[in-house]
Amino acid sequence: MSYIKSPKTFWDLVKKKQNWPVILLYAFGGVFSVQFFYYWTIQLSNSATATILQYTSPVFILIYAAIFNRRMPKLNSTLLVLGAMFGVFLLITNGNVNNLTIKPLALVTGVIAAVAVVIYSLAPRRILRQYGSLNVAGWGMMMAGIGSNMIHPFWKIDFKIEPLSIFLYLNNCNCWNGHRIFTLAAGN
């Protein structure tokens with residue numbers, strides 16, 4: 001889409017060597033890592049825990065701003081961060097300091113996913129202004145996708161496709177003008 005929109009400037013981002021560290025950090029430290037560590041956290045725990053841990057990223061953005069911009073967060077931001085951290089504490093301990101309710105590796109991968117959101121958000125700021133979000137996001141996603149395929153190639157299917165899985169997919173996609181042909185539970 002970026003090439004179709006502006007074919008003359010499409011290659012400009014990757015032609016300049018000074019952009020490579022930023023785009024690689026964005027692609028692999030951000031785009032790839034957000035997805036990889038989020039899904040790994042789900043595998044180790046559950047989707048709710050993974051989502052809550054990933055959405056602690058504002059905590060790390062405030063820490064980044066305090067350290068690198070030498071700007072202390074406002075009181076209300078600090079209180080919100082403390083509230084979020086208390087919620088995460090309750091989530092992972094059920095209120096008992098001596099008891100972790102999730103695997104330590106799930107906690108680590110969830111925090112890495114949160115830090116990856118920070119990288120995803122902050123790393124490409126300079127090149128976004130210069131080359132636009134469509135071009136930067138496109139290159140980042142393409143590079144991350146190529147990297148992902150080196151780990152887990154899309155052509156190596158490790159699940160069995162059955163008639164039920166095809167039916168459930170078709171039922172949940174917008175293939176039927178927005179109408180589901182089968183509902184699994186009341187209210188769906």
Side-chain angles (χ1 to χ4, degrees), residues 1-2 20-64 80-81 83-94 99-125 127-128 133-175 180 182-185 187-188:
M1 291 203 45
S2 178
W20 275 92
V22 175
I23 193 69
L24 289 172
L25 177 64
Y26 170 69
F28 295 103
V31 176
F32 172 80
S33 294
V34 164
Q35 299 301 317
F36 180 80
F37 288 103
Y38 175 71
Y39 285 114
W40 193 6
T41 306
I42 290 173
Q43 189 175 15
L44 294 169
S45 59
N46 57 59
S47 60
T49 300
T51 302
I52 290 168
L53 290 173
Q54 182 176 353
Y55 281 100
T56 62
S57 58
V59 172
F60 298 104
I61 291 174
L62 283 176
I63 292 169
Y64 174 89
L80 290 172
V81 165
M85 298 296 13
F86 182 67
V88 169
F89 166 78
L90 291 175
L91 172 76
I92 65 174
T93 64
N94 269 346
N99 180 32
L100 263 182
T101 59
I102 66 171
K103 296 176 185 173
L105 185 57
L107 179 60
V108 170
T109 57
V111 169
I112 292 172
V115 171
V117 170
V118 176
I119 294 169
Y120 181 92
S121 303
L122 298 179
R125 288 180 297 173
I127 60 175
L128 277 170
S133 60
L134 189 61
N135 206 13
V136 172
W139 277 107
M141 288 182 184
M142 185 175 66
M143 290 175 178
I146 291 168
S148 295
N149 276 288
M150 290 180 184
I151 295 170
H152 188 78
F154 72 89
W155 59 87
K156 289 187 178 180
I157 298 174
D158 63 351
F159 59 90
K160 187 176 179 183
I161 297 177
E162 298 174 340
L164 178 61
S165 60
I166 294 169
F167 176 76
L168 291 173
Y169 169 76
L170 290 173
N171 184 54
N172 286 308
C173 74
N174 252 343
C175 304
R180 290 185 175 181
F182 179 72
T183 55
L184 296 174
N188 280 344

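Keep in mind it's a predicted model, so treat the numbers as computed, not measured. Note that the numbering runs from 1 along the sequence shown for the chain.
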For atom [atom1] of [X], decide whether the heavy atoms of other residues, nucleotides or ligands shown that lie under 6.0 angstrom number more than 12.
| X | atom1 | value |
| --- | --- | --- |
| Phe60 | CZ | yes |
| Tyr55 | OH | no |
| Phe89 | CZ | yes |

Taking all atoms of both residues into account, what is the closest heavy-atom pair of [X] and [Y], and its distance?
| X | Y | answer |
| --- | --- | --- |
| Leu44 | Thr109 | CD1-OG1, 3.9 Å |
| Ala144 | Ala27 | CB-O, 3.5 Å |
| Pro124 | Val136 | CB-CG1, 3.9 Å |

**Report entry** CA sep, side-chain torsions, deciding dist, call: Thr56, Val111, side chain to side chain contact (heavy atoms under 4.5 Å, CB included)
**Finding:** CA-CA 8 Å; Thr56 62; Val111 169; 5.6 Å; no
[atom1]/[X] to [atom2]/[Y] distance, rounded to the nearest 0.5 angstrom?
| X | Y | atom1 | atom2 | result |
| --- | --- | --- | --- | --- |
| Lys103 | Thr49 | NZ | OG1 | 12.0 Å |
| Ser45 | Leu105 | OG | CG | 10.0 Å |
| Leu107 | Thr41 | CG | OG1 | 9.0 Å |
| Ile146 | Phe28 | CD1 | CZ | 7.5 Å |
| Phe32 | Tyr120 | CZ | OH | 14.5 Å |
| Met142 | Ser2 | CE | OG | 10.0 Å |

Query - Tyr26 and Leu128, any side-chain heavy atoms less than 4.5 Å apart - result: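 Side chain of Leu128 against side chain of Tyr26, heavy atoms only: no contact under 4.5 Å found.
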[X] side chain to [Y] main-chain N or O, any donor-acceptor pair under 3.5 Å?
| X | Y | answer |
| --- | --- | --- |
| Asn149 | Phe154 | yes |
| Ser33 | Gly30 | no |
| Thr51 | Ser47 | yes |

Report task. Apply the side chain to side chain contact (heavy atoms under 4.5 Å, CB included) test between Leu53 and each candidate in Ile102, Val108, Ile112; give the one that qualifies. Result ->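 Looking at Ile102, Val108, Ile112, the match for Leu53 under the side chain to side chain contact (heavy atoms under 4.5 Å, CB included) is Ile102.
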Requested in this report: Show your working on side chain to side chain contact (heavy atoms under 4.5 Å, CB included) between Ile23 and Trp20 and close with a plain yes or no.
Outcome: CA-CA 5 Å; Ile23 193 69; Trp20 275 92; 4.2 Å; yes
